[in-house]
Amino acid sequence: VSTNNRIPFVDLVSQHSFLSKEIEEAIGRVLTGGGFTLGGNVQKFEEEFASFCGVDYAIGVGSGTDALHLALRALGVGPGDEVITVPNTFIATVEAIIACGARPVFVDIAEDTHLMDVSQIESAITKKTKAIIPVHLYGQPADMEAICEIAAEHGLKVIEDACQAHGASIDDIKTGCFGDAACFSFYPSKNLGGVGDGGIVVTNNGEISERVERLRNHGESGKHNHVEPGFCSRLHGIQAAVLSVKLGQLDRWNKARRYNASIYDSLLRDTPVVTPFCKDSNYHVYHLYVIRAEDRDELREHLASQNVETGIHYPVPIHLQAALKEYGYKKGDFPVAERVADEILSLPMFPELKEPDIERVANEIISFLSSTSRAA
Ligand SMILES: Cc1ncc(COP(=O)(O)O)c(C=O)c1O
């Protein structure tokens, strides 16, 4: 058994200890001042987050999943429609499509970025296609220029799944600005996370904003006036208050993540593992730092034996999950996503991760590679 200290995959406790006074005061103000669901705390955070993204509207909801679901509904997606997305995402992207009664249609991913392969979109479009959901996976924006161009040509809506990409940008334009709407999650481990579930839809379209605002609160438009059946998916005051405090740190945290990624990059450069590829135009915010390794499972076991926690995002592409069986997808349908799923490994990544710990992770990877004589 190793005597090395544990290197966690994420460490929310150290993040909290840095801000504990401010956060606890903010929560205290909610408890004494009220505004537990929606209300002033939520409105304040919505304005702050809209301004952070550079959009006109932000509507706080109960989770990132709900953000996607309600945004799709607000854009008119329903039974009989098809929505195009990628198979290598968290299942929530696809659940949101299914929750609207629409059919999820997948396109494969690019081998280098692991993002939607835009060259495959057109052949997936049918008469039923209503929308495209690109996923800014791991914190790197998808190719929004190409996606929006194809969508415009075919009259399709675009919803950015930005649940892993708060503050990421393309040529200095932030995620959230590209699609008809964009959705963020505030799950605690996200780049901007609450102390429980939360999410938000952002848009520049007033009608979409109004519709999401209605849908999140029982279809209500004015007190006791329910204009359509809606949902109960409101952002809570305590989450909003905490998120307001944390939003002030987001740029700094993203910079720290990028710095940590650059150290991993340089230490692993001359090894057979593949480090993340980031396009020059992209500001990647490294929600996850994902390498590719041939002997991924053995490498993961070795790291675990040395007290280094890792993750796999995601081990089973969504089209092969049992939950999707009625859609008739099978192994071999999306070969790049399937191949990548067997090789990816997410290394410890959070803003407070210390340089010596990054070095220890890299050294353990290098020592594993040389023990299996795969070193360059
Ligand atoms: C890509 C992606 N989409 C959607 C979600 C759903 O967000 P939530 O867990 O807040 O519902 C997540 C995060 O969990 C995610 O990573």
Side-chain angles (χ1 to χ4, degrees), residues 9-10 12 45 49 58-73 83-100 104 106-107 109 113-116 131-142 144 147 158-168 175-176 178-179 181-202 212 215-216 231-236 238-240 242-243 246 257 284-290 311-319 321 323-324 337 340-341 344 346 349-350:
F9 182 61
V10 288
L12 299 178
F45 174 68
F49 195 74
I59 311 98
V61 295
S63 66
T65 311
D66 285 357
L68 289 159
H69 173 206
L70 301 189
L72 283 164
R73 281 187 182 256
V83 178
I84 294 173
T85 191
V86 285
N88 67 330
T89 179
F90 183 56
I91 193 163
T93 319
V94 178
E95 285 173 317
I97 298 168
I98 294 171
C100 295
F106 298 103
V107 295
I109 55 167
T113 58
H114 300 190
L115 300 169
M116 183 177 275
I132 306 175
I133 308 184
V135 180
H136 303 318
L137 195 74
Y138 306 151
Q140 172 161 220
M144 293 312 297
I147 291 165
V158 176
I159 296 145
E160 298 170 62
D161 183 338
C163 287
Q164 301 188 1
H166 319 63
T175 55
F178 298 97
C183 302
F184 294 83
S185 161
F186 302 125
Y187 184 75
S189 61
K190 299 298 189 202
N191 289 34
L192 179 64
V195 287
D197 282 309
I200 208 161
V201 178
V202 303
V212 173
L215 287 169
R216 75 173 167 179
F231 300 86
C232 178
S233 183
R234 299 173 291 231
L235 186 62
H236 294 169
I238 285 184
Q239 301 309 333
V242 170
L243 291 164
K246 289 191 171 188
R257 287 174 181 274
H284 192 324
V285 293
Y286 293 97
H287 172 58
L288 296 167
Y289 185 90
V290 178
I312 300 174
H313 300 86
Y314 296 91
V316 180
I318 302 302
H319 67 287
Q321 290 281 1
L324 273 279
V340 161
I344 46 179
S346 310
M349 171 54 81
F350 49 94

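For ligands, and for the atoms within them, numbers begin at 1 and follow the listed sequence.
Side chain to side chain, Asp161 and Thr93 meet the donor-acceptor criterion of an N or O pair below 3.5 Å. Using a 3.5 Å distance cut-off with no hydrogens or angles, the side chains of His166 and Asn191 do not pair a donor with an acceptor.
In this structure, Asp197 falls outside the shell of residues with a heavy atom less than 4.0 angstrom from ligand 1. Distances shorter than 4.0 angstrom do not occur between any heavy atom of His136 and any atom of ligand 1.
Remark: ligand 1 and Gln164 share an N or O pair separated by less than 3.5 Å (distance only, no angle test). For ligand 1, the polar-atom distance check finds no N/O of Ala92 at less than 3.5 Å from any of the ligand's N/O atoms. Below 3.5 Å of separation, one finds an N or O of Ser185 facing an N or O of ligand 1.
The nearest non-hydrogen atom to atom 5 (C) of ligand 1, considering only Gly64, Pro188, Cys163, comes from Cys163. By heavy-atom distance, the residue among Val61, Thr65, Val86 lying nearest atom 11 (O) of ligand 1 is Thr65.
If you run side-chain hydrogen bond (donor to acceptor under 3.5 Å, both in side chains) between His136 and each of His287, Gln164, Glu160, His284, only Glu160 comes through.
Under a 4.0 Å criterion applied to the non-hydrogen atoms of Thr93, ligand 1 contributes the atoms 3 (N). The distance from ligand 1 to the heavy atoms of Phe90 drops below 4.0 Å at these ligand atoms: 2 (C), 5 (C), 12 (C), 13 (C), 14 (O), 15 (C), 16 (O). For ligand 1 and Thr89, the ligand atoms under 4.0 Å from any heavy atom of the residue are 1 (C). The distance from ligand 1 to the heavy atoms of Lys190 drops below 4.0 Å at these ligand atoms: 12 (C), 13 (C), 14 (O), 15 (C), 16 (O).
Side chains of Val86 and His114 form no contact here, defined as non-hydrogen atoms less than 4.5 Å apart. Between Ser346 and Ile312 the shortest side-chain heavy-atom distance does not fall below 4.5 Å. Put simply, the side chain of Thr89 reaches to within 4.5 Å of the side chain of Ile318, judged on heavy atoms.
In this pair, Phe90 and Tyr314 present their aromatic rings tilted. The plane angle is within the 30 to 60° band.
Nearest protein heavy-atom neighbour of atom 3 (N) of ligand 1: Asp161 OD2, 2.8 Å.
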Full working for ring pair (Phe, Tyr, Trp, His ring centres under 6.0 Å) between Phe49 and Phe186
CA-CA 12 Å; Phe49 195 74; Phe186 302 125; 5.6 Å; yes
